[in-house]
Amino acid sequence: MRVPAKINLCLGVGGLRGDGYHSLATVYQAVDVFDEVRAEVLTDSDAIEISVHFDSTAESIIVPTGPENLAAKAAVALREAMGLTEGVHLAIRKVIPVAGGMAGGSADAAAALMACNAVWGCGLSRDELAEIAAELGSDVPFLLHGGNAIGSGRGERVTPVLARGAYYWAAAVSERGLSTPEVYAEFDRLNPDRDPVPPAIPDDLLAALRSGDAVALGDALTNDLAEAALTLRPELEDVLAVGRGAGALGALVSGSGPTCLFLASDEAHRLDLSVALASSGVCADVIQARGPAGGAQLL
Ligand code: C5P
C-alpha cells in the first residue's frame, strides 16, 4: 500500500471544542511523497506487529513500534469493527518526515486500514474505512481520498475541491520534529480570545486552485498555526527567509510544523529553491514534492 503526505494550503483554526480538538477550516493537498505499508497475516498469532524501515535521513527520529503506533491502532480498530481475531505484521517504509507537519503518522494509519482491509478480506469501501479513519486522527480520512479537499469539523470531514494544474513544492525538513498537541497548546496561549468559529476558506485560494494559477496560490497560502510553530522554533524564520529570498511564489509552515513549504513556478524553479535551501545550512533535508497526488492505493 502506498500513501501520500499532505500539506495544508490554508489552515484556519477556531476555538477549542469540548472534545479537546480545535474546529478547523482547511484545504488539504496530497503530495507525491509516499510511505509504504505492507501487511502480512499472522496465521498462528493474534499479535499486531509493526516494523519500521527508513531510507532517508529520518533514521535518527524514533518511531514507536508498539501499540501506540497509529498504524497499529488502525489495525486494532478495523479488527474490532469487523469482529475478527487475526494478527498482522505491518512493515512500514517511511519517507514522509516524522513529526514534520505532513501527516506521516496519519498516512501510515490510512495505509494500514486499506492494507488490513485487503489481507483480512473485510471488503469495506473507502467511505466505510473513512468512518474508522476519523476516530484515529483528524487527517486520516483525507489521506484515504487524496487530491485537493476542504477539511472541516476537526479536519476529518472532507469535501473534494475543484482544482486544475500541478503544483511544485520544495519542503525544508528540520532535524527535530514538533509535537502537534504542543503547537495547538501554544496557539491557545497566543490566542486566548479566539473566535470559536474558524475563518472561512479564502476565496482567492479557491479561485487560484480553480484556474491552476500558481502565482495566485502562492499569494493566498495561510496557516494560523505558523505563529505558534515559530514561537516554539524561532529558527524557522531563517528557513522561510531563505526560500523567500530564492524567489518562492509562496512560503509557509506545513501544518503544525516544523517542515517549511515553498511553492515553485515549475520543476526547474523547484530545483533552484531546493539547492538554495540545502546549501544554506538552515535545514536538515529538502524534499521535492508535487501535488495533488492520489490517496492511499494498492501497489
Ligand atoms: O487528530 P490528531 O490525532 O492528528 O491530532 C493530534 C493532536 O492535535 C490532538 O490530540 C490535539 O491536541 C491536536 N488537534 C487539535 N485540533 C484539531 C486537530 C488536532 O487540537 N483539529
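Counting starts at 1 for both ligands and their atoms, in listed order.
Panel note: side chain S179, backbone E182; a donor-acceptor pair is recorded below 3.5 Å. Formation of a donor-acceptor pair under 3.5 Å by the D224 side chain with backbone atoms of V13 is found in this model.
The hydrophobic cluster containing L236, built from Ile/Leu/Val/Met/Phe/Trp/Tyr side-chain heavy atoms closer than 4.5 Å, also comprises L230, V239, L240, V242, V253, F262, L273, L277, V282, V286.
Near G20, meaning under 4.0 Å from any of its heavy atoms, are these atoms of ligand 1: 20 (O). For ligand 1, the atoms sitting less than 4.0 Å from at least one non-hydrogen atom of H22 are 15 (C), 16 (N), 17 (C), 20 (O), 21 (N), numbered in the order shown with element in parentheses. Of all atoms in ligand 1, listed by their number and element, those nearer than 4.0 Å to a heavy atom of L24 are 21 (N). Here is the list of ligand 1 atoms found below 4.0 Å of a heavy atom in G137: 1 (O), 3 (O).
Between V13, L70, T180, V140, it is T180 that holds the heavy atom closest to atom 6 (C) of ligand 1.
The number of heavy atoms from other shown groups lying within 6.0 Å of CZ (R194) is above 12. Around the CZ atom of R126, the shell of radius 6.0 Å holds more than 12 heavy atoms that belong to other residues, nucleotides or ligands.
When only interatomic distances are considered, the shortest N/O to N/O separation between S138 and ligand 1 falls below 3.5 Å. Any N or O atom pair closer than 3.5 Å counts here, and R154 shares at least one such pair with ligand 1.
Under 4.0 angstrom from ligand 1, the non-hydrogen atoms of Y184 all belong to its side chain.
With hydrogens left out, the protein atom closest to atom 9 (C) of ligand 1 is Y21 CE2, 3.7 Å, a heavy atom. The nearest heavy-atom contact from the protein to atom 7 (C) of ligand 1 is P181 CG, 3.9 Å.
Between D32 and R290, no side-chain nitrogen of the basic residue sits less than 4.0 Å from a carboxylate oxygen of the acidic one, so the salt-bridge criterion is not met.
By the ring-ring contact (aromatic ring centres under 6.0 Å, His included) test, Y184 is found to be paired with H22, residues two or more places apart in sequence or in another chain being considered.
Of the candidates R157, E156, R154, R154 is the only one forming a side-chain hydrogen bond (donor to acceptor under 3.5 Å, both in side chains) with S138.
Using 4.0 Å as the threshold, D139 has no heavy atom nearer than that to any atom of ligand 1.
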